[in-house]
Q: 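Quick one: the structure is below, and I'll ask about it shortly.
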Amino acid sequence: MNAVIQILSGLTIGCIYGLVALGFSMIFRAMGLVNFAQGDIMMLGGFLGYTALSIAPELPFVFILVIAMIATGLFGFVIERVAYRPALKRNADQIYLVLLTLGIGIVLANAARLFWGANPVVYKIPLTFDIVHVGGYPLPRVYFYIVGFMTLTIIALNLLFTKTWTGLALRAVSQDPTTSRLMGIDPGRSSSVAFVIASMLGAAAGVLYAPLFYVSFDMGAVGLKAFAAAIIGSLGSVFGAVVGGLIVGLAETIGGQIIGTEFQDSIAFAVMIAVLLLRPQGLFAQNRRVA
């Protein structure tokens with residue numbers, strides 16, 4: 001029974017990593033940018049959800065999730081317009097852009113520490129302690145929220161990229177920005193859309209993560225493991241981000257039980273290194289532009 005619970009736990013945590021990894025891939029597809037602030041955007045979403053819960057403690061958890069996603073999506077839009085897009089228009093070097101994302105992440109973490117404090121906070125809701133039994137296995141109810149949200153996200157992104165003009169524009173820009181501009185597609189607008197979606201996914205990950213653990217200003221470390229997941233699946237691949245997240249979640253949970261939880265945080269990067277030694281561009285590199 002313990003092994004089954006560990007596997008289910010690993011897959012659920014993998015969904016969290018997958019949501020953040022999707023944010024990395026969305027921005028990379030649209031802008032060619034690795035946004036190392038994505039983990040801190042996850043942290044911001046978790047804190048905004050906590051604030052909404054503090055103001056209206058009777059709100060259903062789903063409403064808290066939606067509020068945090070909308071607020072963080074708006075924040076992502078502002079950051080893209082104010083910081084990232086001007087840097088790209090000036091043809092900034094990649095090293096400058098990487099430093100920019102790292103700097104924004106550090107500022108967000110310290111702002112959260114100043115505003116919400118240095119101590120971790122927990123969501124004081126019944127869902128945090130709610131356990132259900134499925135097939136004789138005791139599982140936190142929030143597991144079903146996480147898996148359900150990930151399933152809906154995959155369906156929604158598939159419909160976005162295959163059935164809407166916005167999604168088709170995002171795919172076109174990711175493949176050839178110059179030709180897309182000549183065909184009347186605004187790459188800047190596509191970048192804004194990608195940043196909003198990525199920020200909303202990060203916020204969802206933060207809010208869904210909170211009932212299982214906590215929210216803290218240093219949650220950006222979760223984003224680093226999600227980045228490893230995105231690399232494993234091939235940075236830029238939507239499908240790869242999900243698979244990479246599940247791989248990291250399973251490896252971390254099972255590996256932590258085998259070699260010790262104190263080494264758990266290193267497992268994601270050990271798996272990433274092993275994958276890159278065999279496939280330097282990730283598991284799904286051949287599908288990166290169309291996934």
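Both backbone and side-chain heavy atoms feed into the values below; hydrogens, waters and symmetry mates do not.
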Q: Does the side chain of M150 reach to within under 4.5 Å of the side chain of L19, using non-hydrogen atoms?
A: yes

Q: Run the numbers on E80 and S192 for side-chain hydrogen bond (donor to acceptor under 3.5 Å, both in side chains), then give the verdict.
A: CA-CA 6 Å; E80 189 273 337; S192 295; 2.8 Å; yes

Q: Hey, quick one: are L99 and I106 part of the same hydrophobic cluster, counting side-chain heavy atoms closer than 4.5 Å, chains of contacts allowed?
A: no

Q: Grab the two heavy atoms, one from A68 and one from V207, that are nearest each other, plus how far apart they are.
A: CB-CG2, 3.5 Å

Q: For the side chain of R113 and the backbone of A118, is there at least one donor-acceptor N/O pair under 3.5 Å apart?
A: no

Q: Give, for atom OG1 of T153 and atom CD1 of I197, the distance between the pair rounded to the nearest 0.5 Å.
A: 10.5 Å

Q: State, yes or no, whether a side-chain contact exists between S9 and Y143 at a heavy-atom distance under 4.5 Å.
A: yes

Q: Hey, could you give me the CD1/CG distance between I27 and N35, rounded to the nearest 0.5 Å?
A: 4.0 Å

Q: Assigning hydrophobic clusters by single linkage (Ile, Leu, Val, Met, Phe, Trp, Tyr; side-chain heavy-atom cutoff under 4.5 Å), is V62 placed with M200?
A: yes

Q: Considering only heavy atoms from C-beta outward, does the side chain of F217 approach that of L114 to under 4.5 Å?
A: no

Q: Same cluster for F161 and L159 if Ile/Leu/Val/Met/Phe/Trp/Tyr side chains link at under 4.5 Å?
A: no

Q: Grouping I, L, V, M, F, W and Y whenever their side-chain heavy atoms are under 4.5 Å apart, do V107 and L44 come out in a common cluster?
A: no

Q: Could you check if a side-chain atom of I267 sits within less than 4.5 angstrom of a side-chain atom of I259, using non-hydrogen atoms only?
A: yes

Q: Roughly how far, to the nearest 0.5 Å, is CD1 of I258 from OG1 of T253?
A: 11.0 Å

Q: Applying side chain to side chain contact (heavy atoms under 4.5 Å, CB included) to L22 and V242, what does each step give before you reach the verdict?
A: CA-CA 7 Å; L22 280 171; V242 175; 4.2 Å; yes

Q: Hey, is the main chain of I254 close enough, under 3.5 Å, to the side chain of Q6 for a donor-acceptor pair?
A: no

Q: Considering the options F24, Y17, F28, which one meets the ring-ring contact (aromatic ring centres under 6.0 Å, His included) requirement together with F227?
A: F24

Q: Between CG of L208 and CG of L127, what distance do you get to the nearest 0.5 Å?
A: 9.0 Å

Q: Please report the C-alpha distance between F239 and L283 in whole Å, then the side-chain angles of each, then the deciding distance to 0.1 Å, and finally whether the side chain to side chain contact (heavy atoms under 4.5 Å, CB included) criterion is met.
A: CA-CA 10 Å; F239 179 72; L283 296 177; over 6 Å; no

Q: Evaluate the criterion side chain to side chain contact (heavy atoms under 4.5 Å, CB included) for residue pair I16 and M42; output intermediate values, then yes/no.
A: CA-CA 10 Å; I16 297 291; M42 170 190 173; 4.1 Å; yes

Q: Hey, any chance F144 and L11 share a hydrophobic cluster, counting ILVMFWY side chains that come within less than 4.5 Å of each other, even indirectly?
A: yes

Q: Tell me, do I7 and L250 make a side-chain contact under 4.5 Å, heavy atoms counted?
A: yes

Q: From the options F75, Y84, F77, select the one residue that forms a side chain to side chain contact (heavy atoms under 4.5 Å, CB included) with F195.
A: Y84

Q: Is there a side chain to side chain contact (heavy atoms under 4.5 Å, CB included) between T101 and V34? Walk through the geometry before answering.
A: CA-CA 8 Å; T101 66; V34 178; over 6 Å; no

Q: Are the side chains of T12 and L139 in touch, meaning some heavy atoms are under 4.5 Å apart?
A: no

Q: Which heavy-atom pair separates L108 from M43 by the least distance, and what is that distance?
A: O-CE, 3.6 Å

Q: Rounded to the nearest 0.5 Å, what separates atom CG in L33 from atom CD in Q94?
A: 7.0 Å

Q: If I compare all heavy atoms of S237 with all of F284, which pair ends up nearest, and what's the gap?
A: OG-CB, 4.1 Å

Q: Can a donor-acceptor pair be found, under 3.5 Å and without considering hydrogens, that links the side chain of Y209 to the backbone of V215?
A: no

Q: Evaluate the side-chain proximity of I125 to I64: yes if any heavy-atom separation is below 4.5 Å, no if none is.
A: no

Q: Hey, is CZ on F129 packed in by over 12 heavy atoms from elsewhere, all under 6.0 Å?
A: no

Q: For A251 and V271, work out which heavy atoms get closest and say how close.
A: CB-CG2, 3.8 Å

Q: Out of curiosity, I41 CD1 to I79 CD1, how far, rounded to the nearest 0.5 Å?
A: 7.5 Å

Q: Can you give me the closest heavy-atom contact between V20 and A205, atom names plus distance?
A: CG2-CB, 3.6 Å

Q: Please tell me if the side chains of F149 and L65 come closer than 4.5 Å, counting only heavy atoms from C-beta onward.
A: yes

Q: Any donor and acceptor pair, going by atom type alone, linking the side chain of Y50 with main-chain N or O of Y214 inside 3.5 Å?
A: no

Q: Work out which heavy atom in A203 is nearest to a heavy atom in T72; give both atom names and the distance.
A: CB-OG1, 3.4 Å

Q: Do side-chain atoms of N158 reach the backbone of I154 as a donor and acceptor pair under 3.5 angstrom?
A: no

Q: Does the ring of Y96 carry R90 above it, NZ/CZ under 6.0 angstrom from centre and within 45° of its axis?
A: no

